[in-house]
Amino acid sequence: MNHQPNYRQLPAPCIIETGMLVSKEDMKRLINDLTQVRYLHSIDGVIQNQGQGWILEVFNDPNQATVVVNNSLYINVQSFDYLQLNQVSPQETHFDLVQDNRILKLIPCVNTSQEQQVSKNLGFDSLEEMLGEVFSAKWDVQLDEDF
């Protein structure tokens, strides 16, 4: 007779456009995809700081701080309890990093569909041309060094 309970493993969460992430690795992976953002920092609903900057690093370390200075954002997911996704339009989602009564709202300046369109416009011919310019410049430098 088997006395062990029959446990079924629950499926991993599935978040589509709106929802809450509590996994630090999920938060890190999602924020890593952002590049340039507008940010709003609020405490108890009162905006303390706001600006625009570049996300330079996203990490998961309990001994380091999240730092926002000089248009640079270094985000430690350990600084926040969870990440709330809020879809404000079909093309735009805001990312609220929440810790108690503090919220750091990240608003992407360039959405993913725009970035994908730019990458689609960089076709094979464009890449081939850029590589040709790089190799040509490298040869020029080598020739200059020989003289």
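Sequence positions, counted from 1, serve as the residue numbers for this chain. Basis for what follows: all heavy atoms, side chains included, without hydrogens, waters or symmetry-related copies.
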For a 4.5 angstrom cut-off between non-hydrogen side-chain atoms, does [X] reach [Y]?
X   : Y    : value
L30 : L21  : yes
L97 : I103 : no
H41 : Q50  : no

Shared hydrophobic cluster, [X] / [Y] (ILVMFWY, side-chain heavy atoms < 4.5 Å):
X    : Y    : result
Y39  : V69  : no
W54  : V67  : yes
M27  : V68  : yes
M20  : L104 : no
I107 : L85  : no

Checking side chain to side chain contact (heavy atoms under 4.5 Å, CB included) for the pair Q48/V46: CA distance, chi angles, key distance, verdict? CA-CA 6 Å; Q48 306 293 311; V46 178; 3.8 Å; yes
Test side chain to side chain contact (heavy atoms under 4.5 Å, CB included) on F80 and T66 and set out the steps. CA-CA 9 Å; F80 305 97; T66 289; 3.7 Å; yes
Between [X] and [Y], is any side-chain donor less than 3.5 angstrom from a side-chain acceptor?
X   : Y   : result
T93 : E17 : yes
Q52 : N71 : no
N60 : N76 : no

Using the side-chain contact (heavy atoms from CB on, under 4.5 Å) definition, which of the options I31, N32, D33, D26 pairs with R29? D26
Measure the spacing between [atom1] of [X] and [atom2] of [Y] and express it to the nearest 0.5 Å.
X   : Y    : atom1 : atom2 : answer
F59 : S79  : CZ    : OG    : 7.0 Å
Q78 : Q99  : CD    : CD    : 11.5 Å
S23 : L83  : OG    : CG    : 11.0 Å
Y74 : Q64  : OH    : CD    : 12.0 Å
N86 : K105 : CG    : NZ    : 5.5 Å
I47 : L40  : CD1   : CG    : 5.0 Å

Kindly say whether D100 contributes a backbone atom to a donor-acceptor pair with the side chain of D81 at under 3.5 angstrom? yes
Under 3.5 Å, is there a donor-acceptor pair between the side chain of E57 and the main chain of I75? no
Could you go through the side chain to side chain contact (heavy atoms under 4.5 Å, CB included) check for L73 and V37 one step at a time? CA-CA 9 Å; L73 289 85; V37 296; 4.1 Å; yes
Step-by-step side chain to side chain contact (heavy atoms under 4.5 Å, CB included) determination, R102 to S42: CA-CA 6 Å; R102 172 189 314 269; S42 63; over 6 Å; no
Answer yes or no: does atom CG of N101 have more than 12 heavy-atom neighbours from other residues, nucleotides or ligands under 6.0 Å? yes
